[in-house]
Every structure is written in structure tokens, then in C-alpha cells.
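Below, chains carry the letters A, B, ... as their sequence lines are ordered, and counting in each starts from 1.
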Amino acid sequence: MISIDFPKLPSNVRTMVRVVESAHLGLKTSKGILEPSSLGHSHGAMVTAVVDQGIGFSATADLSPAGLQHAADHAYLLAQLTSRTGLYAGMAKDDILLKPSASLQWRTPIAHVSRDRRPWMDLLRDEANSLRKTSGLVYWEVGLTEDISEHFIWIDGELISDQKFMYLMPYSTATVCVKGVTQTRHLGGYSSQWCQQGGDDAFESMGFKSSLKRAFDDAMALAHAPSCPALRGELILMPDQMLMQIHESIGHPLELDRILGDERNYAGTSFVSLDMFGSYQYGSEHLTVRFDPGTNATTRNEFASYACDDMGSQADNKILIDRGQLVRPLGGRLSAKRAAKLGYPLDFVANARASGWDRPPIDRMANINIDPGSASFNDLISSVDHGVLMTTNVSWSIDDSRNKFQFGCELGYEIRAGQIVGLVRNPGYRGVSASFWRSLSMVGDASTFEVLGTPNCGKGEPNQGARVGHASPACRFNNVEIFSTAS
Amino acid sequence: MNLRSQKPVDAWHAWFNDISRTFFTYALPNEELSIGVNGDLADFLRWNKAAIVQASHIERVVGHLSIRSRQRQAGCSVVFSGERDADLAMIRRQTSQLRSWLSSSPKDPFYVPNAAPHQTEDRTPETHFVDVTRVVDDIRLIASGLDLVGLFATGPMFSGSATNAGHWFWHDTHRYFFDFSVYASRDKAIKKSLAGAMWSRAEFEFAIAKIKETIPVLYTPEVKLSPDDYRVLLAPAAVGDLLALASWGGFSTRAHLTNDSPLLAMRTEGKRLSPLINLVDRPQEFGVPLLSDYWHQSPPAFELVRNGELTNCFISPRTAVEFNLTHNCASGGESPRGLTLETGRLDELHELESLNTGIYVSDLWYLNYSDRQTARITGTTRFASLWVENGKPIAPVAAARFDENLYSIFGSSLIDLGKTAHTLEYTGTYGSRGLGGIQCPSAMLSQFRIVL
């Protein structure tokens with residue numbers, strides 16, 4: 001538990017101090033050789049000053065009384081600057097920042113965590129050396145990253161939140177080359193979107209043991225497989241590609257700061273406008289999407305589960321899209337106040353998040369999940385006339401309004417007449433968000449549901465990378481343009 | 001209004017001198033200690049609708065500590081507060097942790113010794129101070145009535161490194177950039193980036209005047225392109241984005257030797273780009289210090305492609321040891337820090353006439369490899385991309401997705417390059433601001449495949 005000397009500003013100023021302390025460990029073997037370990041430690045504070053019509057932020061790593069006071073004075077100057085030149089005309093300080101009624105706490109649920117991390121080096125080496133150098137094997141890597149961070153928020157001198165997060169992500173990767181065809185397979189870690197909160201139990205839940213052999217076997221099978229056929233047909237996306245589809249064509253377009261125009265110079269705008277909430281048919285009746293900050297046993301270990309956001313708003317489970325209809329945006333309390341000022345009174349979610357102590361909060365995704373449906377995996381496959389099942393994202397791109405997208409995956413399986421007929425390599429597909437979700441024709445049941453995430457969601461000026469979670473069942477879409485991404 | 005940092009760069013310089021010397025007294029026999037810092041003392045002003053939407057002052061000094069001993073090494077990134085006692089206490093804790101890891105680590109078979117000790121200092125006088133409140137007044141006045149959105153960033157940046165073997169390096173600079181767009185409608189805008197040591201009101205005024213001259217065409221209804229091959233003129237910003245994508249493993253020896261380079265075929269199959277393509281890395285053109293990993297000095301100019309042929313790739317000392325090669329003083333990332341593309345013969349004033357009928361692509365967006373092995377790429381048009389007929393801009397184009405290949409864009413489809421080089425300074429701020437950029441002209445292509 002960190003204690004601070006809370007800085008003093010004039011009585012008409014609301015002051016928030018957010019302290020983040022984090023530790024990082026990166027271990028990896030390349031081609032069986034253990035590379036030098038990479039450690040990291042970071043701590044610092046973001047001081048926020050709020051006046052009527054203005055807000056200012058100042059970050060410092062100097063947590064001494066003098067350091068925090070200097071940061072507070074600086075934040076106050078910037079709050080005064082924005083009060084006369086900013087977008088917050090007519091907003092009282094309670095509109096901008098409200099102190100919650102109760103203190104909020106989060107602890108990552110952990111079954112077990114090692115006190116001494118050094119034995120992990122042996123675990124990685126054993127896995128890396130389990131694969132014998134075989135013809136065609138070009139490169140292989142086995143590693144892990146562990147991140148631990150503690151977040152504390154005080155508003156006007158009172159501690160209002162205390163949250164501790166742990167993330168452990170083991171991974172294996174194999175690259176092979178057979179007769180000029182190179183294929184890489186990622187299992188675990190951020191490259192295959194296997195990202196959750198947790199401790200040592202991650203090794204088992206990710207299936208770390210023998211993962212390198214499985215990655216190698218998959219890569220070899222891909223190198224011998226035919227290219228994905230070009231067709232317009234049915235597409236089944238497994239959860240590790242649904243993650244990217246949700247992220248790019250639901251999550252980003254629904255970010256309220258983007259809809260309000262803040263991101264137009266960098267991360268882009270949105271095809272969604274303020275007047276669409278409550279009436280726009282975003283997808284088919286099979287589509288229900290929710291903001292779930294870890295409110296049930298299934299999502300508690302999801303990557304962006306937490307008790308409150310970085311402006312102190314309590315995080316609750318809220319529906320964004322209800323049976324296809326757009327209900328609410330991904331906007332924090334302040335963004336919702338701005339929308340209301342424009343004549344659109346919208347509900348908010350607790351998603352004002354910062355990538356660290358050194359960045360101010362902006363509207364982020366957190367956990368954006370699709371509710372499971374009723375179809376078993378066999379139901380999904382047997383319903384396909386001619387199509388492709390795709391898994392594990394490898395390439396992604398979408399236009400700046402988050403509409404025209406193209407994705408590529410590591411593995412594909414061609415399906416004909418309800419049967420998987422074979423593995424195909426370099427599968428890709430294209431579409432338009434505004435129509436794609438309306439072609440969602442079947443949603444997998446809980447047995448196909450997976451909780452995944454990514455640490456690399458980028459947006460914001462100055463830039464911020466954030467952890468976000470996406471949990472989804474396997475899903476089927478109709479009438480999709482499918483092709484091979486290989487030349 | 002005083003918006004200065006708590007500790008000026010001079011004080012950080014003195015602090016680093018003191019902290020590093022004290023750190024080195026902690027060395028045990030046979031230990032090589034090194035310390036590095038990267039400081040960014042920045043004011044960031046986010047704009048939307050020509051008003052400030054978020055104002056922040058961020059003092060971030062990230063450091064790196066490492067211990068090397070008996071062919072073992074361990075490193076740790078840290079954050080410094082500038083407070084001597086707190087920083088030294090943290091250094092002692094991290095040093096102890098690093099020794100613990102070091103004792104458990106095997107010998108590093110790719111261990112690289114540092115180059116011979118040398119000392120470098122490159123200081124910028126603190127007079128380069130941008131008055132943020134004056135900038136705010138200038139922007140509000142000159143952009144009044146415009147839908148301007150973007151980021152203004154200013155403040156000093158510094159980096160320092162030292163070892164207990166006698167190496168010493170310090171570099172500081174004061175930079176600003178204003179990366180902004182002026183919007184005409186939903187996704188139609190003109191984007192501009194200004195950068196330098198000192199804010200210039202006149203330069204901003206000139207940029208806005210030029211935007212006001214050219215923005216009217218963006219108010220016309222957009223043209224939707226059908227999937228097809230089009231003749232295109234890529235503006236320098238679009239060319240720069242493509243070069244940045246090509247640099248993502250394209251010139252890394254490690255990427256080539258692990259089959260992870262998009263330009264692998266240039267090395268293994270002798271594949272060539274257009275003879276018009278000449279690429280040289282010139283970091284100093286962007287104020288980037290030449291200090292590289294393991295205290296080597298990278299060359300001020302490093303040729304990568306001559307007349308379309310891949311002539312060199314970056315080889316870091318670690319890659320050299322691993323693959324039994326001779327290094328060329330490259331840093332571990334093995335990528336360019338100041339890539340320059342030689343100019344061609346296209347007269348910028350008459351580029352649209354040369355295009356005749358086709359797409360003027362002002363900016364590209366969300367570039368990615370669809371197939372890294374064959375340099376097949378995708379992305380979309382953005383901002384002020386226009387449909388041009390008979391040399392005249394007709395209307396903005398709706399964002400269009402392309403399916404292309406770097407070998408076509410910079411090879412078989414390339415007609416000519418512009419004769420004016422444009423400097424695109426790096427405006428990324430993940431973690432902190434940085435130095436670097438790309439210098440390149442526009443490019444005329446005979447065909448460019450739009451697919452959606």
C-alpha cells in the first residue's frame with residue numbers, strides 16, 4: 001500500500017492523484033538459446049486538476065511531497081488554460097469529475113503464483129529443447145511475459161480505489177520453410193491473443209506443455225497445405241479471430257471520443273454517429289455485445305477486468321448491442337457529458353482508461369464480449385454449404401471510419417456440404433462493418449466460447465497502448481468474400 | 001503562465017553525472033555496469049474543433065540499468081524521479097535483483113563486448129523554450145472557424161548513457177511538432193505536420209492559408225471507386241508510410257535470416273525494385289545521434305538500395321555473433337532511423353497534369369502485410385485523396401481498400417518519382433516522443449489495385 005502527501009490546490013479545485021506502480025519480466029529462448037532476461041519497474045503519478053469548465057493533467061515520477069505539489073500546480077495551470085480555451089464550456093467540475101460514494105478494490109483472481117521466478121527459465125528451456133532440429137524448421141521461440149501493476153486513486157485527499165492486476169502470458173512460436181513456402185504458427189501470448197489475468201495457472205490453461213511441438217506440427221501441415229480457395233460463401237470465425245473482428249469493427253467504432261471527433265487526426269473517426277444509439281440495427285438478431293469488466297466467473301480473469309476506470313467511475317456490466325440494435329457507446333462519464341451537451345443524453349460505461357501513470361485517460365474498450373448462442377461446433381460446421389473456417393489472426397487492417405476491413409488468419413479449413421475437407425493456408429476475407437454484422441447467421445454455444453485479449457490496442461494523442469479483452473463464441477457469417485492472401 | 005518543467009535539462013544532466021558515478025561505485029569485481037536514460041519533458045495539447053480537449057504536462061525519464069559479468073548479462077528498465085536519494089535507493093534494489101537473475105543465468109553464447117570507451121556530448125541551449133500559452137493563442141486565432149483537430153507537443157528531450165569502463169554519452173534537444181488536420185466533412189480533411197526547434201506563427205499561418213486554398217474540393221460529394229486497377233499519384237506522406245512498412249524487417253539481416261523479411265526475395269532470389277529506387281539511411285538529417293548498441297558509431301549515411309538493388313542490410317553486433325557475420329554498427333532493431341528516398345523527375349507543380357486521370361492519394365492508412373513473405377500489402381486511402389480527371393481534381397474519393405505488393409509499387413508499376421524531397425518528421429508518442437523520420441518525394445504509379 002502506497003501512501004502519499006496529497007497536494008494542496010485552492011478549495012474551488014477538485015484534485016485527483018492516480019499512482020501506478022508496475023513490474024515487468026520478459027524471458028525468452030530463441031532457437032533453444034536463453035536470451036538475457038528483461039526486467040522492468042515503473043512508478044509515477046498523474047495529478048488531475050478540475051475547475052469549472054476546465055481539466056488539466058500533469059505526470060511525474062517524483063512522488064515526494066514537493067514533486068506531487070509541483071505536478072498539481074502544473075495541472076491546475078493547464079485546467080485554467082482549458083477552462084478558457086477548451087471544449088468544456090458550461091460544465092461544472094462535478095460534470096467533469098465526480099468522487100464515487102464508496103472505495104473500490106480489484107485483485108486478480110490467482111490460484112498460485114511463484115515466489116521465485118527463476119525456475120521459469122528451466123521451464124522455457126525444457127519446452128524449447130523438446131523440439132529436435134528438424135528439416136524445414138527455420139526458427140522457434142518459447143517465452144513468457146509477466147506484468148504486475150498496482151493502481152491507486154485519491155480524489156480530494158480520499159483513497160477511492162486500490163486495484164492490483166497480474167498478467168502471465170507464456171507462448172511458443174515455430175517457423176518452417178518447405179520448398180519455398182514459409183509458415184509460422186503462434187500458440188499463446190499476444191500473437192495468438194491468449195492474454196488473460198492470472199498467475200502460474202496460465203501455463204496449464206494455455207496448454208504450455210508441448211505447445212512448441214504443436215506449433216511446429218501446425219506450421220508443417222500449413223506448409224504442405226493448398227492455398228485458401230477464392231470464393232464468396234460462409235465464413236466461420238473461431239474466437240481468436242472473432243477477437244480482431246470485434247475489436248476493429250465493433251469496439252473502435254463505438255468509442256465515444258472517436259464519435260466526438262477527438263481521434264480524427266490519428267486513430268480515425270467512426271461510421272457510427274450520435275443519433276444512431278437506440279435505433280440503429282448494427283447486426284443481426286443473433287448479435288448481443290456487452291461491456292463486461294469481469295462481473296462473472298467466466299470473465300473475471302479477462303484481460304481488462306477491473307473495479308473502476310482511471311477517472312474513478314465504478315465498472316458495471318452493460319449491453320452495447322442488444323439483439324442487433326445499437327444501445328450505448330463506449331464512452332466514459334466525461335465523454336457522455338459532452339455528448340449530452342450536444343443534445344444526445346447517452347449512458348456511460350467506466351472506460352476512461354490510461355496506459356500508465358504518464359498518460360491521461362481516454363475512452364478505451366476494456367472487455368467487449370459477444371454473448372454465446374445455442375449452436376454447437378458441429379452445428380456450425382454442418383450448416384455450411386461451401387465456406388472456410390478461420391483461426392488465429394495474422395493480418396489486420398480497417399479504414400479510418402472502421403468500415404472496410406481485411407483480415408488474414410494463420411489457419412483455415414475448407415468446408416463443403418457440412419464437412420471439413422482439409423487444411424488451407426493463408427486464408428483471408430474482406431467486408432464492410434456496417435453490413436458484415438448483419439450477415440451473422442449463427443452463434444456458437446458456451447462450449448465454443450473463449451476468453452482472450454490483446455495488450456496492443458493503440459490510439460490517442462499522445463499515443464497509448466492498452467490491454468483489452470474480448471470473449472466470444474465461434475460465429476458463422478454468410479456471403480463473405482474469402483481469398484488467399486498469398487501472392 | 002509558467003509551464004516549465006520541475007527540473008530543467010541542465011539539472012538532469014548534472015543529476016545523470018552524479019547518479020551514474022554513484023551507481024558505478026556499486027560494481028563488484030569483474031562487473032561491467034551501464035546506465036542509460038531517455039527523458040521527455042513534454043507539454044501535450046490535444047485539439048478538437050480548434051479548442052483544447054486535453055492538456056497534459058508529462059515528465060517521463062525512463063532509464064536502463066545493466067550488469068554484465070563473465071559473459072552473462074541482465075538488464076532492467078526503470079523510471080527515474082530526479083530525486084537523488086529515491087533514485088539511488090531504487091537503483092540499489094534493482095541492482096540486487098539483477099545480480100540474482102545473473103547468478104541463475106547461463107553464459108550468453110551471443111555475448112557482445114562493448115566498443116572501446118569514448119565520450120560524446122551534444123547540448124542544446126535552454127533558450128529554445130516554446131511559450132505554450134502564446135502557441136494556444138496563435139492557434140485559436142489563426143484556426144478560428146475551422147474544424148481543426150490534432151496534437152501540439154513541445155519540450156526538451158534528452159538521452160544519456162555511461163558505463164563504469166569510461167563510456168559517456170549525452171544528447172539533448174528541444175523540439176516541437178504540431179500534427180493536425182483541418183476537416184471539411186465526416187472523413188475528409190487536409191492533414192499537415194509542422195515541426196522544428198521553435199514555434200513559428202508565420203509558418204502555421206502560411207499552412208492554414210494553403211489549406212483554405214485547397215480544401216474547397218473536399219466539400220464536393222465523394223466518388224466511390226469500383227474495384228479495378230487505377231493510375232495513381234502517391235503524395236509524399238503516402239510514400240513515407242509505404243517506406244515505413246517496407247522498413248519493418250525489410251532491411252534487417254536477422255529478419256532475412258529467419259525468413260521474416262518482406263524483402264527476402266531481394267536477398268535470396270535477386271529480385272529488384274525499379275532502378276529509380278535509391279534508399280539511404282541518414283539519421284543525422286533528423287537529429288538522431290549516431291550512437292548505436294554496444295557503443296558503436298553507426299555511419300552517417302548507410303546505403304540500402306541502389307538502382308533498385310538491395311545492396312546492404314543492417315547487421316547488429318549481436319546478429320553478427322549469432323550468424324557469424326561482420327556487423328555494420330547497426331542497433332538491435334536493425335531498421336532505418338532517417339530513411340531517404342532519392343528524388344526523380346516529376347515536377348510537383350504539374351503532378352496532377354502528369355497523372356491526367358486517376359487517383360491522387362494524399363495519405364494512406366492502416367497499412368499491413370497480407371502476406372509478409374511476398375510483400376503483399378493492404379491498407380486504405382485517407383483524408384484528402386481525390387479523383388482527378390484531365391489533370392483537374394474533381395472530388396474526394398470514398399475511403400478505398402487496396403491490395404498491392406511492395407515490388408509492384410516500388411518496381412513494375414513505378415513510373416517516376418517527384419523531384420522535390422519532403423521531410424516527414426517522426427510524430428509517434430508511444431512511450432515518449434522520438435527523433436527520426438523519412439525524407440521522400442511523391443510517386444506516380446501506372447496501376448494500383450483497389451478491391452473494396
**Asked** Sub-3.5 Å donor-acceptor pair from the side chain of Y183(B) to the main-chain atoms of R264(A), do we have one?
**Response** yes
**Toward chain B, the part of N426(A) with a non-hydrogen atom under 4.5 Å** = side chain
**Prompt:** Ion pair present between R84(A) and D137(B), side-chain N to carboxylate O less than 4.0 angstrom?
**Reply:** yes
**Asked** Are T182(A) and R372(B) close enough that a side-chain donor and a side-chain acceptor fall under 3.5 Å?
**Response** no
**Request:** Could you tell me which portion of S401(A) (side chain, backbone, both or neither) has an atom closer than 4.5 angstrom to a non-hydrogen atom of chain B?
**Result:** side chain
**Complete:** Okay, L148(B) and chain A: the region with an atom under 4.5 Å from a heavy atom over there is neither
**Fill in**
Value for CD1 (I58(B)) from CZ (F57(A)), rounded to nearest 0.5 Å, stands at 9.5 Å
**Request:** Measure E248(A) against the heavy atoms of chain B and call it side chain, backbone, both or neither at under 4.5 Å.
**Result:** side chain
**Request:** Spell out, as yes or no, whether a donor-acceptor pair under 3.5 Å connects the side chain of S395(A) to the backbone of Y369(B).
**Result:** yes
**Request:** Enter the distance from R60(B):CZ to W357(A):CH2 here, rounded to the nearest 0.5 Å.
**Result:** 6.5 Å
**Side-chain touch R402(A)/Y366(B), heavy atoms, less than 4.5 angstrom** = yes
**Request:** With sequence neighbours left out, write down each residue that passes side chain to side chain contact (heavy atoms under 4.5 Å, CB included) with C457(A), or none if nothing qualifies.
**Result:** H247(A), H252(A), R364(A), M365(A), V468(A)
**Complete:** Okay, Q373(B) and chain A: the region with an atom under 4.5 Å from a heavy atom over there is side chain
**Prompt:** Between atom CG of D262(A) and atom CZ of R46(B), what is the distance when rounded to the nearest 0.5 Å?
**Reply:** 5.5 Å
**Message:** Whether the side chain of E461(A) engages the backbone of T429(B) through a donor-acceptor N/O pair (distance < 3.5 Å, no angle test) should be reported.
**Reply:** no
**Fill in**
Checked A23(A), S37(A), G44(A) vs chain B; the most non-hydrogen pairs under 4.5 Å come from S37(A)
**Request:** Side chain from CB out, backbone as N, CA, C, O: work out which of these in L27(A) comes under 4.5 Å of a heavy atom of chain B, or both, or neither.
**Result:** side chain
**Message:** Checking the side chain of N48(B) only, and the main-chain atoms of L260(A) only, is there a donor and an acceptor separated by less than 3.5 Å?
**Reply:** yes
**Prompt:** Side chain, backbone, both or neither: which part of S484(A) has a heavy atom under 4.5 Å from chain B?
**Reply:** backbone
**Item:** Sidechain-backbone polar pair: W365(B) side chain, I398(A) backbone, donor-acceptor under 3.5 Å
**Value:** yes
**Message:** Ignoring hydrogens and geometry beyond distance, is a side-chain donor-acceptor pair present between S397(A) and R401(B) at under 3.5 Å?
**Reply:** yes
**Asked** Got a second to check how far D403(B)'s CG is from Q406(A)'s CD, nearest 0.5 Å?
**Response** 6.0 Å
**Request:** Show the numbers, then the answer: is there a side chain to side chain contact (heavy atoms under 4.5 Å, CB included) between V451(B) and E481(A)?
**Result:** CA-CA 11 Å; V451(B) 290; E481(A) 183 186 354; 5.6 Å; no
**Message:** Which atoms of A399(B) are under 4.5 Å from chain A, going by heavy atoms: the side chain, the backbone, both sets, or neither?
**Reply:** both
**Request:** To the nearest 0.5 angstrom, please state how far the NE2 atom of H57(B) sits from the NE2 atom of H74(A).
**Result:** 4.5 Å
**Prompt:** Quick one: does R186(B)'s side chain have a donor or acceptor within less than 3.5 Å of a partner on S270(A)'s backbone?
**Reply:** yes
**Item:** Check: V53(B) main-chain N/O paired with Y88(A) side-chain donor or acceptor under 3.5 Å
**Value:** yes
**Prompt:** Side chain, backbone, both or neither: which part of S193(B) has an atom under 4.5 Å from a heavy atom of chain A?
**Reply:** neither
**Verdict with reasoning, T133(B) to L81(A), per side chain to side chain contact (heavy atoms under 4.5 Å, CB included)** = CA-CA 8 Å; T133(B) 50; L81(A) 181 69; 4.3 Å; yes
**Non-hydrogen atoms of V79(B) and A61(A) that approach each other most closely** = CG1-CB, 3.4 Å
**Message:** For R99(B), I'd like to know if atom CZ has over 12 heavy atoms of other residues, nucleotides or ligands within 6.0 Å.
**Reply:** yes
**Asked** Listed by chain and number, what are the side chain to side chain contact (heavy atoms under 4.5 Å, CB included) partners of P227(B), not counting sequence neighbours?
**Response** none
**Request:** Walk me through it: do L39(A) and W101(B) pass the test side chain to side chain contact (heavy atoms under 4.5 Å, CB included)?
**Result:** CA-CA 10 Å; L39(A) 291 88; W101(B) 277 98; 3.3 Å; yes
**From R117(A) atom CZ to S100(B) atom OG, the distance as rounded to the nearest 0.5 Å** = 11.5 Å
**Request:** Please test Y139(A) against D260(B) for side chain to side chain contact (heavy atoms under 4.5 Å, CB included), starting from the C-alpha separation and ending with a verdict.
**Result:** CA-CA 10 Å; Y139(A) 182 75; D260(B) 196 34; over 6 Å; no
**Asked** So, for N265(A) and V149(B), which heavy atoms are closest and what is the spacing to 0.1 Å?
**Response** CB-O, 3.6 Å
**Request:** Go through the atoms of R318(B) and report whether side chain, backbone, both or neither lie under 4.5 Å from a heavy atom of chain A.
**Result:** side chain
